[in-house]
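Each chain gets a letter, A, B and so on, in the order the sequences are listed, and its residues count up from 1.
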Amino acid sequence: RKEVEQDPGPFNVPEGATVAFNCTYSNSASQSFFWYRQDCRKEPKLLMSVYSSGNEDGRFTAQLNRASQYISLLIRDSKLSDSATYLCVVWDPGFQKLVFGTGTRLLVSP
Amino acid sequence: DVKVTQSSRYLVKRTGEKVFLECVQDMDHENMFWYRQDPGLGLRLIYFSYDVKMKEKGDIPEGYSVSREKKERFSLILESASTNQTSMYLCASSLPGQGFGSGANVLTFGAGSRLTVL
């Protein structure tokens with residue numbers, strides 16, 4: 001089992017739609033969790049950290065479910081500019097390193 | 001804003017050439033990292049450094065070496081480039097420590113260096 005797994009997509013949604021991605025992680029001792037956004041041929045950029053209680057930043061909501069070992073990202077009212085690959089990143093305390101998922105691709109169409 | 005600058009955006013090299021990829025950050029971050037990114041494989045850690053003159057192997061260090069003579073600069077070296085090292089190389093930096101909420105483990109990436117080895 002991969003340490004961090006994501007559905008590669010692509011998720012094709014129309015503008016204004018709500019879309020959600022999940023990411024599962026294998027190490028139950030994992031602590032910090034993040035979502036990064038990567039545009040085509042650009043570097044990854046931090047979108048948001050994921051807190052235990054869940055957190056929201058505008059149209060974006062991140063949730064952590066420790067019991068089932070997954071994090072989620074919900075995007076409301078999708079914009080064309082949300083088209084990107086979303087990377088799930090987990091801090092693995094055992095290996096003392098960040099582990100990246102391979103990303104979920106989102107395509108928002110007019 | 002933290003800036004991480006990678007010296008070359010695109011390089012084309014021949015098999016057997018020595019390749020230097022330079023990375024400079026301007027926010028006094030202790031931690032610096034080199035990743036490569038390949039389709040379907042995601043980001044894989046090559047080497048990292050938590051201090052000047054310190055280096056640690058990541059998941060795929062074979063065929064690579066690094067140098068960190070100054071805090072702001074972290075160089076990746078391919079001693080003898082091979083075609084399987086054709087990839088996107090990403091440098092990143094972060095604050096020290098591992099405590100959640102302290103800003104640790106939040107990576108700022110450079111724009112990447114796309115290397116093609118013929």
Side-chain angles (χ1 to χ4, degrees), chain A residues 1-10 21 23-27 29-55 57 62 64 66 71 84-105, chain B residues 1-6 8-10 21 23 25 29 31-50 54 56-61 87-116:
Chain A
R1 182 182 173 186
K2 285 185 182 177
E3 293 177 76
V4 176
E5 285 199 77
Q6 295 183 254
D7 182 337
F21 315 130
C23 162
T24 58
Y25 59 95
S26 60
N27 187 345
S30 295
Q31 299 166 0
S32 307
F33 307 89
F34 309 89
W35 284 103
Y36 279 72
R37 172 200 167 117
Q38 185 171 25
D39 293 304
C40 189
R41 296 188 172 273
K42 296 288 184 81
E43 74 274 22
K45 292 184 179 178
L46 179 69
L47 178 65
M48 58 200 303
S49 303
V50 185
Y51 303 125
S52 297
S53 55
N55 48 304
D57 183 2
L64 168 63
R66 284 196 184 273
I71 66 172
T85 297
Y86 292 84
L87 303 175
C88 171
V89 185
V90 176
W91 171 257
D92 187 314
F95 291 104
Q96 292 285 296
K97 68 174 186 180
L98 288 170
V99 182
F100 285 78
T102 53
T104 296
R105 192 163 172 225
Chain B
D1 277 357
V2 176
K3 284 226 166 59
V4 180
T5 304
Q6 294 184 230
S8 304
R9 290 297 308 275
Y10 301 95
L21 299 179
C23 175
Q25 51 93 5
H29 280 181
N31 302 343
M32 295 190 76
F33 308 82
W34 274 106
Y35 292 88
R36 63 176 283 178
Q37 186 174 30
D38 301 286
L41 296 177
L43 274 80
R44 292 180 290 167
L45 182 62
I46 305 171
Y47 267 96
F48 61 98
S49 169
Y50 288 156
M54 175 270 180
E56 291 285 346
K57 292 180 180 179
D59 299 319
I60 51 163
S87 186
M88 167 69 94
Y89 290 87
L90 289 158
C91 175
S93 71
S94 75
L95 289 169
Q98 292 141 23
F100 183 73
S102 66
N105 301 326
V106 174
L107 297 176
T108 299
F109 287 90
S113 298
R114 188 167 292 277
L115 171 67
T116 301

- Task: Identify which of B:Gly42, B:Ala111, B:Gly40 forms the greatest number of heavy-atom pairs closer than 4.5 Å to chain A.
- Result: B:Ala111
- Walk me through it: do B:Leu107 and A:Tyr36 pass the test side-chain contact (heavy atoms from CB on, under 4.5 Å)? CA-CA 10 Å; B:Leu107 297 176; A:Tyr36 279 72; 3.5 Å; yes
- Do you know which of A:Thr85, A:Thr102, A:Leu87, A:Leu46 has the most heavy-atom pairs with chain B at a distance under 4.5 angstrom? A:Thr102
- Query: Which residue out of A:Val4, A:Val99, A:Leu98 racks up the most heavy-atom pairs below 4.5 Å with chain B?
  - Reply: A:Leu98
- Query: Is chain B contacted by the side chain of A:Pro44, its backbone, both, or neither, given a heavy-atom distance below 4.5 Å?
  - Reply: both
- Given that the side chain runs from C-beta out, which part of A:Lys97 has a heavy atom under 4.5 Å from chain B: side chain, backbone, both or neither? side chain
- Item | Heavy-atom contact with chain A under 4.5 Å, split by part of B:Arg114 | side chain
- A:Gln38 versus chain B, the contacting section by heavy-atom distance below 4.5 Å: side chain
- Item | Toward chain A, the part of B:Phe33 with a non-hydrogen atom under 4.5 Å | neither
- Message: Need one label for B:Leu43: side chain, backbone, both or neither, based on atoms under 4.5 Å from any heavy atom in chain A.
- Response: both
- Under 3.5 Å, is there a donor-acceptor pair linking the side chains of B:Gln6 and A:Glu43? no
- Task: Verify the neighbour count for atom CZ of A:Arg105: are there more than 12 heavy atoms of other residues, nucleotides or ligands below 6.0 Å?
- Result: no
